[in-house]
Amino acid sequence: MKRTLLELNVNGELQQAPTRPTATLLDVLRDGLHLTGSKRGCDQGVCGACTVLVDGRPARACLMLAVDCQGRRVTTIEGLNESGEAAAVQQALAENGAIQCGYCTPGIVVALVDLARAGGGASENDVRRSISGNICRCSGYVKIVEAAVSLLGGKASDGR
Amino acid sequence: MDYFRPESLEEALGLLAEIPDARCLAGGQTLVAMMNTRIVAPPRLVSLRDIPGLDQIEALPNGGLRMGTMVTHETLMNLSANGAHRLLPETARQIASPAIRAFGTVGGALCHADPAADWPTALVALDASVHVAGIDGKRREPLAEFLVDALTTTLEPGEILTHIEIPPPGQTSAGAYVKFARVEGDFATVAVAVSLSLSGPTCEAIRIAVGGCSPVPTRDDAAETGLVSTELSEADMQAVGNSLATAIQPEDDGRASAAYRRMVVPGLVQRAITLAHDRASEARI
Amino acid sequence: MDGEAKLRGVGDSLPRLDAGDKVGGRARYTDDLFRPGMLHAALMGSPYPFARIISCDTSEALALPGVKAVLTGADIPANRWGGFINDETALAIDIVRYVGEPIAAIAATDLATAREALDLIEFEFEELDPVLTIDAAMADGAPLIHENFAEYEKRPGQGDLAPNQVSRQSIIEGDVEAAWADCNVVVENTYEVQAQSHVYIEPCSALAEVDESGKVTVWSANQSIYKVQASLSKALGLPMSKVRAITPPVGGAFGGKSGVTVQPITVMLAQKTGRPVKLTLSRTDDMMMMRSRHAARVRVRTGAMADGTLVAHELDVIYDGGAYAEDSAAVLGFGLLMARGPYNIPHVKLTGSAVYTNKLRAGGFRGFGNPQVTFGTEQQIDEIAVRLKMDPIDLRLKNALQTGDLWVGGQTVTSCGFRECLEQVRDAADWPTRRQAPAANGKRRGISVAGVSHICGLLGTSAIVRVLEDGTITLNTGAVDIGQGSDTVLAQICASSLRLDIGRVNLVAPDSDASPYNWGTGGTRVTYMVGRAVESAAGAALEQIRQHASEIFECAPADVELRDGGHVGIVGVPEKELSFAEISGRAHYVTGGPIIGTHALVYDGQEFDPKRALMDHFPFARIGTYVFGAQVVEVEVDEVTGQVEVLNVWSAHDVGRAINPAAVEGQIQGGVVQGLGYALCEELTWEDGQPTNPTMMDYKVPGALDTPTNIHPIIVESEEETGPFGAKGVGEPGLVGVAPAVANAVAHATGVRLTRLPLTPESVLRAMTAE
Ligand SMILES: Cc1cc2nc3c(=O)[nH]c(=O)nc-3n(C[C@H](O)[C@H](O)[C@H](O)COP(=O)(O)OP(=O)(O)OC[C@H]3O[C@@H](n4cnc5c(N)ncnc54)[C@H](O)[C@@H]3O)c2cc1C
Ligand code: FES
Ligand code: FES
């Protein structure tokens, strides 16, 4: 199959990977760059396990064409590990027992980092909305939400 | 497949014209999902994201809004709008989930024309019209005419939807978007969008669109006209709900049966009108 | 020094050992692994529910550049494996039996090429009449789904089976027929439950490599390295010693990865190409090719006296096993064992069967046959309460089992916190008030309860505790942590058994070349069974430490005491103390040899009592120790849409002892939400044998906004004497009572009783408007 050399800005570094033109960002991250922290759970945008940041916004890596990401800033869980917000989110999740199998976890960390960066205190509903596209089949969400609210909370719960 | 990211509309139109079946790439939130499952395999993609202006929202002098096709659901969710235009953020926040809202576009949703999608319903209720550019020129048409059938619009191969225009909201106007789906952020099983304006306690104008129940959003002109100059009593609302339940052409699908949709439309229509009415009344006070 | 800080071990809500790796995206699951020269594989599924393969042409696919191997049923050994009946092969041979059944496999240099090549394979089929329902399978003259069924190798004791029957069993106690006459109230109904997809977020995946000697190494997502090893050995015709199974972190399983999944075909591709091969299913392939929970039809009849005493209970269940037998016989047997529930009912007749149909095979799924029967039984208990105008919790309390009572089949229940569970949910839910709570406008409101029972136990397991030279510990059990947290819990048990901080315990990842035998992760057994092995293995290591210490101290071993933080001393002499490091150093270099404590056991509880109960073709002599729970669900039903919103769930569970309370809560909450999906929205559907919703877009599992914010886990500790530190298990029960509790709450809210899962808005609205 035809391949082109793609140049992507991933985690602050310009990286090159030979790629099929129809490859998604997730394909390139995982198979091309071996950045396997972003998981593939559905390839249809539903599960959220592949969530990364593109130009600072949460994005489904499985629904972004890699070629269309040239010239954009891509940040994966591996890149976030350097950031303070991520460290706080990660610690809160780990200490609250919010992790089970962990397959959804990197995507949830990315979603919660986005929420943390929005600033201003998050209600339980804000937290649930921010991870509403991240399916966790193990935890029932309760401990994830509790962890995030304990870290980012500040607004009274506004119900749903 | 080849891929281009032109920097002008003319260039984009030229690239589309070169190859039959070439497609626009907007947010990709629908198109890439279809490519992943190999439902479609376009020979060429023309990304619209570097064309200047397509991601802008502009307030028109008459109070209307003009938004580029590439405006994202997220942008609309954060829009501060007046009166019935608040239907825009209210609809946007019910679409999918944050990551999809951040990249999915209003134009992409209209062009894909999924009968269960939210923008067709909401924007028909707002009486939106669309601007389309082709290699031979531009045209403007009401959204209700642009949407022809499920997954079908009047777009000819090679044409690009460039803008969506919404008329000004009425004096004391409000909107409401009531969506019923299997789970939060799913496509609608049934959705009802209402935009109305009041004059004192009476209804001055109203548009009601029902989504998820027919190939394209359903309105009932006569029933709407019947509501004008009324105070939107429960009986009035019931009547319009019942007539919309008859007007829809639902099919059985994985979300619900056709019969169920007919059962719930009246109640949901009433809910949406009540909500919009209460909001407009509040604005009046 | 160590002794001063509090030792972290049993009873502490410690973070998972792998939490740091997982939050950072550093945990490497099977699909995250790469080997030099690795190929990628993809599978082709059958387009027909039932058909004969007439011919197949793979030449075009093979000719595609990048394709390294194409296998079809004609190219693989016809070795069959299975749970009780060996009916499965790695690819369909001659006959396809469900839509999606793998019929061809391709290995290529990249995944896109492998998938593209699948389109180039040409199959010719002769369609057969598919058997798509339980009734069709049992009908006279129904087509035989397995025409060579008689020739398959089977576990002994399967008995005579009707055509398309996989298993038939019964448990009978007392005299049900005569007992109906004593009942003042009898309720009877038929319940239907659907197929639920596991939707573990990590699709099934395997990576296989073959060395010069023909020895196979397989990394895969699974629930038991030893089951993988045994099934692969059968599938490949290799001795077990030539098969090495390794389990990287697993992204959820819930029973769906308890047998082999894609390992056999992945190995066959690796053998064929001589290169490492990785096969990870797409979500749709996973949903169409792997497993689901058994759909079932359950006919139940329950009778009670006017004072609420339960007298008789009759239940007949038919499980739809799909195209292959898998664990159906065990699911049936276990379902029957749970069918009476945690109540003293003197007269019971529990019968059932499992049948083949031309649909996706059904297998183990959290609850293992129990949710299906409990959906019927627990609704009937509620109905009886309504009929007798009794409070549903009081009625359950009146009949509740207690420690020392007998389970159906005659085992004595050794620890039972059922009453306490009922009382605790009643108090926590403020039950009397909420039973009366008014509904909001346009809504109906209701609250009700279900009792829960399950087991923990099953089969063989072992553990090795090694004391390293510096006094730290390496623990090796072969148990697979599928996300439920058993690694952490086992390390806690090990640490506390040795009075060490958990930081000093290193856990070995499951590897059949290195780990001792473990039957698997299932049956809510790991904490209880493997925990017992760990506790005893630690005890064995301690004995050796004690022996060394007594030699050094020149005292009797009995005078040596274990002290916190890896020390031993002489009783009553505080200044006499040795560290594990000193002792282990002596063992390694001076005398005795390295300290290795081991323990192995097979579940050893009381056997069923054939004098008490007639157990026909029941596949187990004993299964496990009983666990209990009670679940209260409060709902609001929308009068316009029929949608059920769950406002609150209280879920109390007798776990014996909570080794890691946060992990216990996580199991309960996760089980409850999976149960809510089962109760309200999840259903795999077929039309003419074609799956209609095998994607996450179409098959909806609950997200964070679909689940109640108030799921209250309540831990009840009954201290099981045989359990490690008194612990039992909690992996499955959180799911078991949710669906009947929801149905009971909906009945309380609306006055209508729904007998079919899931309780979709449509079904609820229809029932309400028909009322
Ligand atoms: C998991 C998931 C959940 C979703 N839930 C919802 C939901 O609840 N409600 C809802 O309404 N939607 C939902 N969507 C769809 C989402 O809103 C999409 O973003 C949207 O429908 C398409 O927008 P896009 O910009 O991504 O378009 P693309 O995917 O880029 O394009 C869609 C189609 O339109 C064509 N096209 C795009 N722009 C133009 C243009 N300007 N001119 C001509 N042709 C064009 C493309 O060629 C393509 O055929 C969901 C999607 C996913 C993946
Ligand atoms: S893999 Fe991208 S959302 Fe599931
Ligand atoms: S922890 Fe397993 S999917 Fe979330």
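Predicted model only: the values in this text are computed from it and were never measured. A, B, ... follow the sequence lines: proteins, then strands. Residue 1 opens every chain.
- With rounding to the nearest 0.5 angstrom, the CG atom of A:Asp31 is 5.0 Å from the CZ atom of C:Phe34.
- For a residue to count as touching a neighbouring chain, one of its non-hydrogen atoms must lie under 4.5 Å from one of that chain's; by this rule A:Ile131 touches chain C with backbone and side chain alike.
- Taking 4.5 Å as the limit, every side-chain heavy atom of A:Cys138 sits out of range of all side-chain heavy atoms of C:Tyr200.
- Ion pairing of C:Glu665 with A:Lys143 is present here, as a side-chain N (NZ or NE/NH1/NH2) and a carboxylate O approach within less than 4.0 Å.
- Listed here is the closest heavy atom pair of A:Pro106 and C:Gly25: CG-CA, 4.0 Å.
- Counting heavy-atom pairs closer than 4.5 Å to chain A, the top residue among C:Ser282, C:Gly483, C:Gly66, C:Ala253 is C:Gly483.
- Within the 4.5 angstrom heavy-atom criterion, only backbone atoms of C:Ala27 (N, CA, C, O) approach chain A.
- In this structure, C:Thr113 OG1 and A:Arg20 CZ are separated by 7.5 Å, a value rounded to the nearest 0.5 Å.
- A donor-acceptor pair is defined here as one N or O able to donate and one able to accept, closer than 3.5 Å; no such pair exists between the side chain of A:Arg128 and the backbone of C:Leu705.
- Interface remark: of the candidates A:Gly97, A:Ala23, A:Cys42, A:Cys42 forms the most heavy-atom pairs closer than 4.5 Å to chain C.
- Of the candidates C:Ile201, C:Asp32, C:Asp31, C:Asp32 is the only one forming a side chain to side chain contact (heavy atoms under 4.5 Å, CB included) with A:Lys39.
- Under the 4.5 Å side-chain criterion, counting only non-hydrogen atoms from C-beta, A:Gln100 is not in contact with C:Ile482.
- Chain A forms more heavy-atom pairs under 4.5 Å with one residue of C:Asp481, C:Thr284, C:Val199 than with any other, namely C:Val199.
- Contact of A:Val109 with chain C is made through the side chain alone, with heavy-atom distances under 4.5 Å.
- For C:Val672, no part sits under 4.5 Å from any heavy atom of chain A, backbone or side chain.
- In this structure, C:Arg16 CZ and A:Glu95 CD are separated by 15.0 Å, a value rounded to the nearest 0.5 Å.
- From A:Cys47, atom SG reaches atom CE of C:Met697 across 12.0 Å, with rounding to the nearest 0.5 Å.
- At distances below 3.5 Å, at least one donor-acceptor pair connects side-chain atoms of A:Gln90 with backbone N or O atoms of C:Val23.
- Of the possible polar contacts, none joining the C:Lys22 side chain to the A:Ile99 backbone as a donor-acceptor pair under 3.5 Å is found.
- Annotation: the span from C:Leu33 atom CG to A:His34 atom NE2 amounts to 10.5 Å, rounded to 0.5 Å.
- Between chain C and the residues A:Val142, A:Thr76, A:Asn134, the most heavy-atom pairs under 4.5 angstrom are made by A:Val142.
- In this structure, C:Gly252 and A:Cys101 approach most closely via the heavy-atom pair N-CB, 3.2 Å.
- Contact annotation: the side chain of C:Glu202 approaches that of A:Tyr103 to within less than 4.5 Å [non-hydrogen atoms, C-beta and beyond].
- Across all their heavy atoms, C:Pro702 and A:Ile135 have their closest contact at O-CD1, 4.1 Å.
- Counting only heavy atoms from C-beta outward, the side chains of A:Tyr141 and C:Thr709 never approach each other to under 4.5 Å.
- By the 4.5 Å heavy-atom criterion applied to side chains, C:Arg283 and A:Val46 are not counted as neighbours.
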